[in-house]
Structures are given as structure tokens and as C-alpha cells.
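Presented below is the structure to which this report refers.
Below, all heavy atoms of this structure are taken into account, side chains as well, without hydrogens, waters or symmetry copies. Each chain gets a letter, A, B and so on, in the order the sequences are listed, and its residues count up from 1.
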Amino acid sequence: MEEFSTDRLARLTGMLKRRGLLLPAFEIHGGVAGFYDYGPVGGRIRNQVNQAWLSHWLSLGNVVEISSPTVTPYPVLEASGHVGEFTDFLVECKKCSEASRADHLIESDYPNADSFTKEELSKKISELMPICPACGVSDWGEISSQNLMFSTRIGNADSAREGFLRPETAQGMFTSFTSIYRHFRERLPFGAVQIGKGYRNEISPRQGMIRLREFNMAELEYFIDPEIEYHHNLDQWKDSLTLISENEGEMQVTLSKAVEAGIIRHSTVGYFMGITFDFVTSIGINPELIRFRQHESNEMAHYAVDCWDLEIMGSFGWIECVGIAHRGCYDLEAHEMATGQRLRAWRTFETPKIVEIDGWTIDGSTVGPEFKNFAGKIKNAVEKLPPDSIFPMSLEIDDDEVNIEPRHVKKIQRQEKISGEWFIPHVVEPAFGIDRLIWHSIDHSYREIIKSGEAYTILSLPKSISPIDVTVLPLFEKDGIDNLARKIHENLCKRDRVLSNYDGSGSIGRRYARSDEIGVPYCITVDYESLENHTVTVRERDTGKQERVKIDELNFK
RNA sequence: GCGGAUAUGGUGAAGUGGUUAUCACCUGAGGUUUCCAACCUCAUGUCGUGGGUUCGAUUCCCGCUAUCCGCACCA
């Protein structure tokens, strides 16, 4: 592995721009921080990675793909907690005009102040009267909120509703839960994936592709029954992985041992860590530069039970690229409370429960007329009475003494068979930052070597995500070689999911170099012999080895 | 957001208060060449952006935008 260095990074980003892989967006208008274009070469890499990711997860067999809007109404993100979570509250010092974060000012008294609402913060600040860190005076203005989500309006003018561009794709899976539940004929476990754009109005985007304001995410929401212990085959991952656990620090351990020891707190989380590791390495990321880091309890998002980041070492140091979180029942419950809709799964008991119901209720025909709108409260109180209660009795309801006569009540005595129950499924969520993964795949694949005393670069991307599958090169563009080469190129492009590139200008060595630089795995060279016996040479990018193959037997993908 | 540095063809660099802004590589056309950035000829293409100072600004000054490095922030 080559050493990462700022010089190498500069050469790499220069190449990415020059060859049309990744470029700052809107550059002719001066550019905007945090936005990148995938160029003519990068565009297909992105698509290849997306497709690879999709088939990787769909192959589990109980996962479906959905797609939901990026524009999201305010109440959805309010319910999910993002409106609160993604908002910083600023308060301005009236003396020196310095803006401070409201939660930071009272952090010493309330360590969890960042979860406070605007009203709570305002109240605490007027109670505590913290001093301004800039000028030392305590004289605060109104609290203003600064949201890290892009806000927008749905519809126009007076009838418009408030909304945001989504900060994650996950909420679409939760709001579509009932449809997905029906699709799987109401049987857990199942999952839904979505690949799409997410938006965060970062204060200062940095490090190129690492922190973007608009980025590609791919998320799986996997719904499970919290009462079932799932047994996944973790032994398929025989090699030890680098784990940094909250309590035990860094270790080399297999997934099955880590789950067994309780370091990974849920076996499905461990299982997905393995599947994630396989995916990430399959797109060209060096397994030795991967580690999993467990979130500390105080760092964990408000909903999570356990969370592991997959971090990758590259030109920017260790960067988290995937998060695998056990979100408990947080999200479905939140949407259920906000909407009153049932977002639950049905669990049938192995043997139905027989419940003896023995108690009291009111006789509406007497209590209603006599107590009017007080009747409801009496009903609640009576139904809580033990079966052996004796009437008449007096009950205290809302500081009032109420006499309950036998004519007011009815005995209830019956058996009920309860065959199951509704419960809120738990969710395990692997969330991938596609741009960060693509970046590291390129970063790890970029090789600078010396070839015949000259600097030479090769992008050793795996075939599955290379931007172009094959380059077709006529040795010379004359004597009919060019015609044959063009024909081969066109026939290859007609094949399903094969993309060929024709390159006829420059010396053959130069054209191999061009092809190697952007990671094309094979070059087909057409020469005089091809005209005679219908064979061509196929050159392999990483080894430079060539093999003579019949044109009819060319095999790609 | 704060502090520092930077901004010249596609890439990497040089340079200047004055009329036509250099160089290498790259790219394109033609020639040459029987497999790994060769060579010859020709061609295309640049002073981030807005304002100020000035007879004249790519150059000096200011704002903006972007990039890089610290700090802060951050699923």
C-alpha cells in the first residue's frame, strides 16, 4: 500500500478532475462548497456502485427497494426528531453582539442541553444568566434557531406548507412501513432499501468528497421482532476484524466471538457488519484499512441502542463511511405517536392466552342521566375497582365525593381468548455514505508506479465498478484495422450492461496509459493479424499480460 | 463561523502597472510507427468574480466566491 500524502492527494484530485471522474460542481459560475459533479467517467462509477450495493442487499431474499421523495413535509421530520436534532439555537449577546450556542452556555448545569427545546433553553438561560464568553456580560437577546436542513416551501404563497430536503433516506422506509409490511404478507423479519440523495446544509464543508451538502446515501431498514433471538451464521466470517469497543478498546476479533461476548450487543448488528465488510471490500477498499468503531453511549444519536461505524483509512485519515445502528423501536413509535396510525406488526402467541375478565362497569342508562358529563370519569374509576367490591360505595373523583349505588354498576364476567398482540418492530439500520465509499475505493485503487523510468498511474478498480468495461484500440487507424476495431467496439456496446470505449489516437503505449489511468480493466488491440484470422489481443490492466482471443469469443461481464 | 495562505489554458507551473502573457504536459488534425506515455508539423485553449485607485490593472487596494491548513462544528 502506498503512503497517503498531501502530494499524492494533490496529484490524485488533479487526475480526477482532468479525466472527468470527480469535479467541483457549478465551477463555471464560481463553484459552491459542498457540491460535486460525477463527470463522464465518474457518473458510471457511481451507478455501478449503486447497483452493486442494491444487489448485495437484495440477495438476502427478504429485502425490497423503494424510492421516496427528497422533499419532505415539516411534520415528518418533526416526528422523527430531526427538526430538534438538526437545529442549533443561537443567542446573541446584547452588549457585544457575539452569537453563542444557547445549549453551550448552560452546558455545565445541563449536560444534555442540546436536546432542549427553544422554550426550555430560553427559560434556563433567563434563570441561570450565564455570562457571555466574549465580553463577560450577561445580557441576552432572543434565541434564534439555525437549522442544518435545507428548508423549502411546498406549494406557493399563502397555501404553502413548510418542508425540508430530507437529511436521510430512512424516514421514507418508516412512513411506508404499512405497505412494506403488507408486501411481505405481515411476516417479520424483512427490510427495505433506498438509494438516493440526502441534504445537510453543513456550516463548513471540507475535505472534498468527505463532507458534502448534497450526497448519495444508501440505507437499509431491517425490521425485526425484539422478542426473537435471531441466529445468523456468523462463522462465515473467519478472519478477525479490527473493532474498537466502547468498553474494551481496540481488539482483533471475529464477529461471532464479538457477538458471543456481548461486545456487539445484537447478533443482527453483527451479521450486518459482516455483510457490510464484504460489500465494502468488493468495491475495492483495502480490508486492512477498515475498522469498526462503537459509538460511546453519550455520542449515540437519540434513538440508538447500539451503533458501529465502519471507518476507512485514506488520504483524510480515518473517516466513518457506514453506520450500523440498532435504532430500537424509536422511529416507528415516533411516527405512530405523531399520526395516530398503527405502525406495528402482529405476533401470534404459540398458545392463545385465556384471560378471565372479572370486574365492574357502569350502567350507562342510569349513570348517564344522573351524572351527565361526569359519567366518563366515573366509568374509568369503576372499571378499576376490584371484582369483590360492594355497592353502594363512595368514590373520590377530582376532590368530589360520589356515591355509587348498585343501580349504577354492572358486573362483567367472561373469558377472552387473546391469540396474539401488536408490537412495534425494532429496526437495524445499515446506512452507507456512497460518496465516501467511492472516494476511498478510488483512493485505495490509485497506484503510482515507475514504468520504464517514468511515473505511471493505474486505477485498479474492481471490474464490478469500473467506469468502462473495455477499451478497443486499433494498432493503426488504417488498412481496415480501424474499421474492424470500430465494429468490435459497436458490437460490445450493444451487449447488455457492457460499455466499450474506442480510442484511436496516439501511440499504442499512450492509449494503454490513458485507459489504465481511469481504471478500465481490459484493452482489446486490433492488429494486422486480426484481419487475417479474426483474433485480437486482450490486455489485462493490472498485469499488462496479453492473450490472443477469437473475436467471436470475447467475453465481458 | 474565526484565523492564516492561495486563485494564471484541461493539468502543473513561470511572469508583468503598458500595446500580442510564457512554458511543460494534456487534447485535436496530419505524417511516421507492427503492442506499453517515442518522434515531426500544425492547431485549439488561460489571468476566479465584482468594485476601487490609475491615462492604463492579470499585477496595487477592498468586497465576494472557491480551495488548502489550523480552530470550532458535525451522521
Check your understanding: Mapping A:L9 and A:E477 onto RNA chain B by nearest heavy atom, which one lands closer to the 5' end?
Key ->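 Closest to the 5' end, via its nearest nucleotide, is A:E477.
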Review point. Starting at the 5' end of RNA chain B and moving along, which residue's nearest nucleotide shows up first, A:A431 or A:G30?
Key: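 In this pair, the answer is A:G30.
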Exercise for review: Determine the minimum heavy-atom distance between A:Y38 and A:G43, stating which atoms define it.
Suggested key: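 Between these two residues, the closest heavy atoms are CB-N, 3.6 Å.
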By side chain to side chain contact (heavy atoms under 4.5 Å, CB included) - contacts of [X] (at least two apart):
X	answer
A:M217	A:E168, A:T169, A:R200, A:F215, A:E219
A:H56	A:I275, A:D278, A:F279
A:I244	A:E250, A:R291, A:R293

Under a 3.5 Å cutoff, is there a donor and acceptor pairing between the side chains of [X] and [Y]?
X	Y	result
A:S315	A:D443	yes
A:R166	A:T70	no
A:Q194	A:S68	yes
A:N533	A:T535	yes
A:E448	A:Y446	yes
A:D542	A:S460	yes

Check your understanding: Any idea which of B:rU33, B:rA37, B:rC35 is nearest the A:Y456 side chain?
Key ->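 The closest nucleotide is B:rA37.
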Exercise for review: Select one nucleotide: of B:rU34, B:rU67, B:rC73, the one nearest the side-chain heavy atoms of A:L475.
Suggested key: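 Comparing B:rU34, B:rU67, B:rC73 against the side chain of A:L475, the answer is B:rU34.
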Side chain of [X], backbone of [Y]: donor and acceptor closer than 3.5 Å?
X	Y	result
A:H440	A:R436	yes
A:D469	A:L499	yes
A:D527	A:E529	yes
A:D306	A:H326	no

Roughly how far apart, to the nearest Å, are [N] and [M] at atom [atom1]?
N	M	atom1	answer
B:rU33	B:rC23	P	30 Å
B:rA7	B:rC61	P	12 Å
B:rG56	B:rG9	C1'	25 Å
B:rA24	B:rC39	P	12 Å
B:rC25	B:rC62	C1'	37 Å
B:rA13	B:rG18	P	25 Å
B:rC55	B:rG63	P	24 Å
B:rA5	B:rC64	P	15 Å

Nearest-angstrom distance from the residue atom [atom1] of [X] to [atom2] of [N]:
X	N	atom1	atom2	result
A:I210	B:rU67	CD1	P	14 Å
A:M149	B:rC73	CE	C1'	17 Å
A:D527	B:rC36	CG	P	12 Å
A:I524	B:rC36	CD1	P	18 Å
A:Y36	B:rA66	OH	P	12 Å
A:F476	B:rU34	CZ	C1'	5 Å
A:L212	B:rU67	CG	P	11 Å
A:L310	B:rA75	CG	P	18 Å

Which atoms of nucleotides 40-43 of chain B (N or O only) lie under 3.5 Å from a protein N or O atom, and what are those distances?
none

Practice item. Measure distances between side-chain N and O atoms of A:E202 and base N and O atoms of B:rC73, and say whether any donor-acceptor pair falls under 3.5 Å. Key: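 Side chain to base: no pair below 3.5 Å.
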Review point. Could one point to a donor on the side chain of A:R539 or the base of B:rC36 with an acceptor on the other under 3.5 Å away?
Key: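 Counting by modelled atom types and ignoring angles, a donor-acceptor contact under 3.5 Å is found here.
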Quiz: residues 13-22 of chain A side-chain donor-acceptor pairs under 3.5 angstrom, not counting sequence neighbours:
from	atom 1	to	atom 2	distance (Å)
A:T13	OG1	A:L9	O	3.0
A:T13	OG1	A:A10	O	3.1
A:K17	NZ	A:E27	OE2	3.1
A:R18	NH1	A:E517	OE2	3.4
A:R18	NH2	A:E517	OE2	3.4
A:R19	NH1	A:R514	O	3.0
A:R19	NH1	A:E517	OE1	2.9

Identify whether any heavy atom of [X] sits under 4.0 Å from a base atom; if not, whether one sits that close to sugar-phosphate; answer base, sugar-phosphate or nothing.
X	answer
A:V322	base
A:G323	base
A:E529	nothing
A:G544	base

Check your understanding: What residues form a salt bridge (charged side-chain N to carboxylate O under 4.0 Å, His left out) with A:R539, not counting sequence neighbours?
Key ->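 Partners of A:R539 by the salt bridge (charged side-chain N to carboxylate O under 4.0 Å, His left out) criterion, ordered by chain and then number, come out as A:D516.
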**Study point:** salt bridge (charged side-chain N to carboxylate O under 4.0 Å, His left out) partners of A:E202, counting only residues at least two apart
**Key:**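 If we apply the salt bridge (charged side-chain N to carboxylate O under 4.0 Å, His left out) test to A:E202, skipping adjacent residues, there are no hits.
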Practice item. Begin from the C-alpha positions of A:F272 and A:Y222 and carry the test ring pair (Phe, Tyr, Trp, His ring centres under 6.0 Å) through to its verdict. Key: CA-CA 10 Å; A:F272 286 167; A:Y222 194 75; 5.0 Å; yes
Please list, pair by pair, any protein nitrogen or oxygen found under 3.5 Å from a nitrogen or oxygen in nucleotides 57-59 of chain B.
none

Review point. Which stems, defined as runs of 3 or more consecutive Watson-Crick or G-U wobble pairs with both pairing distances under 3.5 Å, involve RNA chain B?
Key: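 As far as RNA chain B goes, consecutive pairing (with distances under 3.5 Å) yields the stems B:1-7 with B:65-71, B:10-13 with B:22-25, B:27-31 with B:39-43, B:48-52 with B:60-64.
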Review point. Does any pair with a residue in residues 511-549 of chain A pass ring-ring contact (aromatic ring centres under 6.0 Å, His included), and if so which ones, sequence neighbours excluded?
Key: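 Sorted pair list: A:Y522-A:F556.
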Practice item. Heavy atoms under 4.0 Å is the rule here; annotate nucleotides 7-12 of chain B 5' to 3' with B where the base is hit, S where only the sugar-phosphate is, and - elsewhere. Key: ---SS-
Review point. Under a 4.0 Å heavy-atom cut-off, which of residues 506-519 of chain A touch RNA chain B?
Key: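 Of all residues in residues 506-519 of chain A, the ones placing a heavy atom under 4.0 Å from RNA chain B are A:S507, A:I508, A:G509, A:R510, A:Y512, A:A513, A:R514.
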Check your understanding: For B:rG28, does either OP1 or OP2 sit under 4.0 Å from a side-chain N or O belonging to A:S505?
Key ->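 Checking B:rG28 against A:S505, a side-chain N or O does come within under 4.0 Å of OP1 or OP2.
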